[in-house]
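Worksheet: the structure to be examined is printed underneath.
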Protein chains: 2
Amino acid sequence: MHNTITTFLSQHLQLSKEEAQAFLELDLVKAFPKGTVLLEEGVLSKSCFVVLKGCVRSYYLVEGEEKNTAFYTENQIVTPISYQNQQPSEYYISCLEDCILCVGSTTKTEQLLNRLPHLEAIGYQLNGQKAIENQRQYEAYKILSPEQRYQKMLTENPELCNRIPQYHLASYLGITPETLSRIRKRIVSQ
Amino acid sequence: MHNTITTFLSQHLQLSKEEAQAFLELDLVKAFPKGTVLLEEGVLSKSCFVVLKGCVRSYYLVEGEEKNTAFYTENQIVTPISYQNQQPSEYYISCLEDCILCVGSTTKTEQLLNRLPHLEAIGYQLNGQKAIENQRQYEAYKILSPEQRYQKMLTENPELCNRIPQYHLASYLGITPETLSRIRKRIVSQ
DNA sequence: TTCATTTCTTGATTCAAATCAATGGAAAGC
DNA sequence: GCTTTCCATTGATTTGAATCAAGAAATGAA
């Protein structure tokens, strides 16, 4: 387990051994079975997460329909808007698979920042990257047709396309499962 | 002019007089006539902007069609992705109206950060806010119907709806001008 | 293995927005 | 002023995705 965490950390943060140790000592890692709801609509988020193993999704509930907005897999950071702005969440987050997550809270983050002040600059960078990524995704969604969005997904995230049930993928792509099925048929027969 | 800048600054940054002075001394403010292209596809962006007066839009050129992705008006910050990651831009930015802009460059930003190191933390915050804003916009676009998107625009940004030609607004909303016209008709007759 | 549940596919129909085409108005240029 | 160009509206038609409705396949549990 410690190994998984340090692997993740080294990929993102270039920490010294002491620094990595600081992370481990905070005891942040927890396991969650498939289906666990990590955050509910209307609730204040107390935690952010890093996926060490498994898959997490976020989704809005609109007129009884779940609308997936993101999937998070190994080494990805899940920071609910509600966690950042301390407003009630507008969406849900739940585990698509059995998960092992690094769970962060404001107090633990504070402790960490106290021990490792230079992490603040890294957070700065991560926020900037996140802003860019969100903008790109938004623009790609607007510009591309459903079929093009699926093609993009296929090339950029082939593993995810196999890992996730199609109806979840369809919801994420903003189409019905039926339409996704037909798109796939079209692509195969070309 | 200086007044406009200091007004903007005070709204965002809570600067001392000395700090505000540092901004002014860098001579960042320029005027651009309507139609000026501030950034072209394929080009490396050398500048970021703050709109002091006027309106700026960003758009992709897809198969000869302009697809608007954002409008920026007074006091809004325009940071091209290309400026941040120093990759060729995938989209255009141009002036919808005659504009007065505060123009930032990497060298000027450096000078500023040298004089006012505490601005770094503010940039940190702004990045975080931007990330949230982008995410919300993306999710709203996915969840809402064209009509709902227009309604949202109307309530959140009524001035902009009057300020911008409808066909630009339609492009931004991801619909044709004809459809927007029909949506407007529907709403009025209710 | 069998049964049940969940997920995916296929077909027929409906519906909303795009497209095509024309007209009416407003702003810009002379 | 008038003309021209650009923009908004309206109508008729087409199109692509949603919906409705069955089945088929895969997955999981007993």
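Proteins get letters first, then strands, A, B, ... in listed order; numbering begins at 1 in each.
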- Sequence neighbours excluded, every pair satisfying salt bridge (Lys or Arg N to Asp or Glu O under 4.0 Å) that has a member inside residues 31-45 of chain B: none
- What pairs meet the salt bridge (Lys or Arg N to Asp or Glu O under 4.0 Å) rule with one or both residues in residues 93-104 of chain A, with sequence neighbours excluded? A:Glu97-A:Arg163
- Message: Under the rule for ring-ring contact (aromatic ring centres under 6.0 Å, His included), what residues qualify as partners of B:Tyr150, not counting sequence neighbours?
- Response: none
- Do B:Leu113 and B:Val50 sit in the same hydrophobic cluster, where Ile, Leu, Val, Met, Phe, Trp and Tyr count as joined when their side-chain heavy atoms come under 4.5 Å apart? yes
- Query: ring-ring contact (aromatic ring centres under 6.0 Å, His included) with B:Phe32: which residues, sequence neighbours excluded?
  - Reply: none
- Task: Scan for salt bridge (Lys or Arg N to Asp or Glu O under 4.0 Å) pairs involving residues 79-88 of chain B, sequence neighbours excluded, and state none if there are none.
- Result: none
- Item | Distance-only side-chain donor-acceptor flag, A:Tyr91 / B:Glu139, under 3.5 Å | no
- Task: Output all residues satisfying side chain to side chain donor-acceptor pair (under 3.5 Å) with A:Gln137, sequence neighbours left out; order by chain, then residue number.
- Result: A:Tyr172
- Can you check whether B:Arg184 has a side-chain N or O nearer than 4.0 Å to OP1 or OP2 of D:dT9? yes
- Query: Which ones in residues 156-172 of chain B lie close to DNA chain D, meaning a heavy atom under 4.0 Å from one of its atoms?
  - Reply: B:Pro165, B:Gln166, B:Tyr167
- Query: Closer than 4.0 Å, any side-chain N/O of B:Lys185 to the OP1 or OP2 of D:dT9?
  - Reply: no
- Note on the structure: Separation of C:dA16 atom C1' from B:Gln148 atom CD, nearest Å, is 14 Å
- Message: Test: salt bridge (Lys or Arg N to Asp or Glu O under 4.0 Å). Region: residues 165-177 of chain A. Which pairs qualify, not counting sequence neighbours?
- Response: none
- Item | Contacts of A:Tyr59 that satisfy ring-ring contact (aromatic ring centres under 6.0 Å, His included) - sequence neighbours left out | A:Tyr92
Would you tabulate the nitrogen or oxygen pairs shorter than 3.5 Å linking the protein to nucleotides 13-15 of chain C?
none

- Donor on one side chain, acceptor on other, B:Glu110 and B:Thr107, under 3.5 Å: no
- Assign a letter to each nucleotide of nucleotides 16-24 of chain D from its 5' end: B, base within under 4.0 Å of a protein heavy atom; S, sugar-phosphate only; -, no contact. -SSBBB---
- Item | Charged tip of A:Arg57 within 45° of A:Tyr72 ring normal and under 6.0 Å | no
- Task: Ignoring hydrogens and angles, state whether a donor on the side chain of A:Thr109 or A:Thr106 is under 3.5 Å from an acceptor on the partner side chain.
- Result: no
Report, one pair per line, the protein and nucleotides 27-30 of chain D atoms (nitrogen or oxygen only) whose separation is under 3.5 Å.
none

